[in-house]
2 protein chains.
Amino acid sequence: MQNIGELIRTLREKEGYPLRKVAAFLDIDQAILSKIERGQRKLTKEQVIKLADFFNYNEKEMLITFFSDQIIYEIGNEEYAKEALKVAEEKIEYLKKTNKDE
Amino acid sequence: MQNIGELIRTLREKEGYPLRKVAAFLDIDQAILSKIERGQRKLTKEQVIKLADFFNYNEKEMLITFFSDQIIYEIGNEEYAKEALKVAEEKIEYLKKTNKDE
DNA sequence: AAAACTTTGACTATTTTTGTCAAAACAATA
DNA sequence: TATTGTTTTGACAAAAATAGTCAAAGTTTT
């Protein structure tokens, strides 16, 4: 069960790249990438997409890892997290439906 | 399928209270409460709890409404929202387990 | 021990969120 | 329709959160 930071680190190390190289690709300071990999800074969706491309990693999967992390970050410690997820699912389902009808 | 703002408005109107009164209870400007009810400003968890108490509404339910809204706000428009929710669920399950073991 | 790489923290800049206020808009009622 | 009560809006300021920069300290590799 990997979070996005760990995933990026795994991919980077698999290639044997230093932070410097990936950070340059993303056009950010390597200190920030270091923090991203350890979950101390956030990524943008655009950065995730760029990284998936860079590492030839499935973009959809990486985005799902990214978004699920965001959710965990927000409600992971809440007592009713599971219930909230369930309701969120229903709301999304509902939104989809009503958006279709307009 | 109500969001937290609509729920609060519903409860407030059921009691026939003006914004002023509920805003005073929360110790915020009535303009902010107006915006909260229309989804233009966010609530804090503490405010939600206070409101549940104020309206004699089930606290758990109101918090679930609140947190599910937060999730929707973050990922509701994303293509892979549903998948992200599923993975988030697994991550929460996982977190629970590992936290038990320490 | 030198070189390459990573982490840390202090500091600044930028962006986002929040609060305040008064005027405008709206609604209900005399 | 004038008056009163309520809600909405938007401009502005204040505060908080987030992001970027940089160099020194720490770690790993050779």
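Predicted model, so just to flag it, every value in this text is computed and none were measured.
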Do A:Lys35 and C:dG9 have a side chain to base donor-acceptor pair shorter than 3.5 Å?
yes
Mind calculating the distance between CD (B:Glu37) and P (D:dT9) to the nearest angstrom?
13 Å
Let me know the distance between CG of B:Asp29 and P of C:dA22, rounded to the nearest Å.
10 Å
Within this structure, what is the CG-to-P distance between B:Leu33 and D:dT8, rounded to whole angstrom?
9 Å
Between A:Gln47 and B:Pro18, the residue closer to the 5' end of DNA chain D by nearest nucleotide is B:Pro18
The answer to which of B:Ala31 and B:Tyr73 contacts DNA chain C further toward the 5' end, by nearest nucleotide, is B:Tyr73
Does a salt bridge link B:Arg38 with B:Glu6, judged by any charged N lying under 4.0 Å from a carboxylate O?
no
Looking at B:Arg12, does any N or O in its side chain come under 4.0 Å of the phosphate oxygens OP1/OP2 on D:dT6?
no
Can you tell me the distance, in whole Å, between the CD1 atom of B:Ile32 and the P atom of D:dT7?
15 Å
Residue-phosphate contact under 4.0 Å: B:Arg41 side-chain N/O, D:dG10 OP1/OP2:
no
Short side-chain N/O contact from A:Ser34 to OP1 or OP2 of C:dT6, under 4.0 Å
no
Verify, without hydrogens or angle tests, whether B:Glu78 (side chain) and B:Ile75 (backbone) share a donor-acceptor contact under 3.5 angstrom.
no
Regarding A:Lys21 and A:Glu15, does a basic nitrogen lie under 4.0 Å from an acidic carboxylate oxygen?
no
Does the B:Glu37 side chain pair with the main chain of B:Ser34, one donor and one acceptor, at a distance under 3.5 Å?
no
Does B:Arg38 put a side-chain nitrogen or oxygen below 4.0 Å from OP1 or OP2 of D:dT9?
yes
Got A:Ile92 and B:Lys82 here, is their nearest side-chain heavy-atom distance under 4.5 Å?
yes
Taking atom P of D:dA23 as reference, at what distance in whole Å does atom CD of A:Gln30 sit?
12 Å
To the nearest angstrom, the CD-P distance between A:Glu6 and C:dT6 comes to 17 Å
Atom pair distance, as rounded to whole Å: CD1 in B:Ile28 and P in D:dT7
13 Å
B:Arg20 CZ - D:dT6 P separation (whole Å):
4 Å
